[in-house]
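Remarks on the structure that follows.
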Protein chains: 2
Amino acid sequence: MHAELQLDNQICFRLYTAARLITQAYTPILTTLGITYPQYLVLMVLWEKDNQPVNDIARRLVLETNTVTPLLQRMEKLGFVVRKKGEQDKRQQIVSLTEKGKQLEEEAYAQVPTGMNNQLSACPLKLDDYQRLAQELDSIIDTLKK
Amino acid sequence: MHAELQLDNQICFRLYTAARLITQAYTPILTTLGITYPQYLVLMVLWEKDNQPVNDIARRLVLETNTVTPLLQRMEKLGFVVRKKGEQDKRQQIVSLTEKGKQLEEEAYAQVPTGMNNQLSACPLKLDDYQRLAQELDSIIDTLKK
DNA sequence: TAACATTATATCGTACACGATAAAAACAAA
DNA sequence: TTTGTTTTTATCGTGTACGATATAATGTTA
């Protein structure tokens, strides 16, 4: 029985579990908006800056393009974005928000933060804790993102 | 432009990213052992206590049985576990380690902690930080696990 | 400029996750 | 004990993730 191999000692298992549970908490809210959590992430990237190539979106989300490409294809089919060949660089696909995609920002603003705060209201963590948590996660992310 | 909807303000995005990067860090090590990260989690549960029904494993990993059942079927095909109908309760499938599954514990003990420490050695977090991080993640997990 | 390397997407195969549903066994209550 | 409910597992469909590979466009270099 090796203590190093016990589940309870694993920060990694906690990260894995917390990430899944957070995504699950988003799901009912995002479902009413007609999107998934990764799709919501893509929209946030585009709400911040529209008309980006696939690569920039993938880099921002720390995802591979072979994850993002099908994600964008589904989002295009759903009418949230369009993809157009780049004019300077014809290899690129420039991803842009449709009206439907743009309008979703207001709806998300009205529903998502409130909904998530509700579900996390019983959590004992305070603002300071969340800020430190964010920094600690960033240092893990920076270390592993080569 | 709503600050609440910015990626950088999202603890959730960080959790999601950190969890994926950690899993990616495990992958090369676990690949040499012939398993994936979720399979490693199942093995850790069984190394702690062998001969458990599907439900107990799923509960321990905070996963649904419809995730764990196919996971176990793959692990059985790979020869790490066997599944036998429960004798008292014939609905249950009791999952047990094979010799191959048991022997993997020593190999994992030799390779996994060292390999992960190597990859995280550049991370500025100290033991105290990891312990507090674990507690904070637990309080998020406890809040969201209904 | 012709040949080679690099970059940006896309495609394919495999393995999770999970909501929805199904089926069999166990349990509970009338 | 018969009927209805709950529990345990399995199956199905959809959507990520990601390693491996392919392809077209761009850059580079001899």
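Remember, predicted model here, so these are calculated numbers, not experimental data. To find a chain, count down the sequence lines: A is the first, B the second, and so on, and within it residues start at 1.
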Do A:Thr32 and A:Glu107 come within less than 4.5 Å of each other through their side chains, counting heavy atoms only?
-> no
Give a yes/no on whether any side-chain N or O of A:Gln73 is located under 4.0 angstrom from OP1 or OP2 of C:dT11.
-> yes
B:Leu72 has an atom CG; how far is it from atom P of C:dA15, in whole Å?
-> 14 Å
Under-4.0 Å side-chain N/O to phosphate OP1/OP2 contact, A:Gln24 with C:dC18 = yes
Side-chain N or O of B:Gln39 less than 4.0 angstrom from OP1 or OP2 on C:dC16?
-> yes
Taking OP1 and OP2 of C:dA17, is either one under 4.0 Å from a side-chain nitrogen or oxygen of A:Tyr16?
-> yes
Tell me what A:Arg74 touches on the nucleic acid: a base, only sugar-phosphate, or nothing, going by heavy atoms under 4.0 Å.
-> base
Hey, are B:Arg91 and B:Asp89 close enough for a salt bridge, meaning a charged N less than 4.0 Å from a carboxylate O?
-> yes
Considering non-hydrogen atoms only, spot the tightest contact between A:Ala25 and A:Gln119 and give its length.
-> O-NE2, 2.8 Å
Using a strict 4.0 Å threshold on nitrogen-to-oxygen distance, state whether A:Arg132 and A:Asp129 make a salt bridge.
-> yes
Across all chains, not counting sequence neighbours, the side chain to side chain donor-acceptor pair (under 3.5 Å) partners of A:Asp138 are B:Arg14
Please figure out whether A:Gln88 or A:Pro38 has its closest DNA chain D nucleotide nearer the 5' end.
-> A:Pro38
note: B:Leu30, atom CG; D:dG19, atom P; distance rounded to Å ~ 13 Å
Contact under 4.0 Å: B:Thr27 side-chain N or O vs D:dG19 OP1/OP2 = no
At under 4.0 Å between heavy atoms, which parts of nucleotides 1-9 of chain C does protein reach? Answer with one letter per nucleotide, 5' to 3': B base, S sugar-phosphate only, - none.
-> ------BSB
Atom-pair distance (OH on B:Tyr37; P on C:dA15), nearest Å = 18 Å
In whole angstrom, give the distance that lies between atom CG of B:Leu71 and atom C1' of C:dT14.
-> 13 Å
Quickly, which of A:Tyr26, A:Tyr37, A:Tyr16 forms a ring pair (Phe, Tyr, Trp, His ring centres under 6.0 Å) with B:Tyr16? Name it, please.
-> A:Tyr37
Distance in angstrom units between A:Lys90 NZ and D:dG27 P, rounded = 12 Å
For the pair made of CZ in A:Phe13 and P in C:dA17, what is the distance, rounded to whole Å?
-> 11 Å
B:Leu21 atom CG is separated from D:dC18 atom C1', nearest whole Å, by 12 Å
Euclidean distance, atom CG of residue B:Leu63 to atom P of D:dT8 [Å, nearest integer] = 17 Å
Modelled atom types, side-chain donor and acceptor of B:Ser96 and B:Asn51, under 3.5 Å = yes
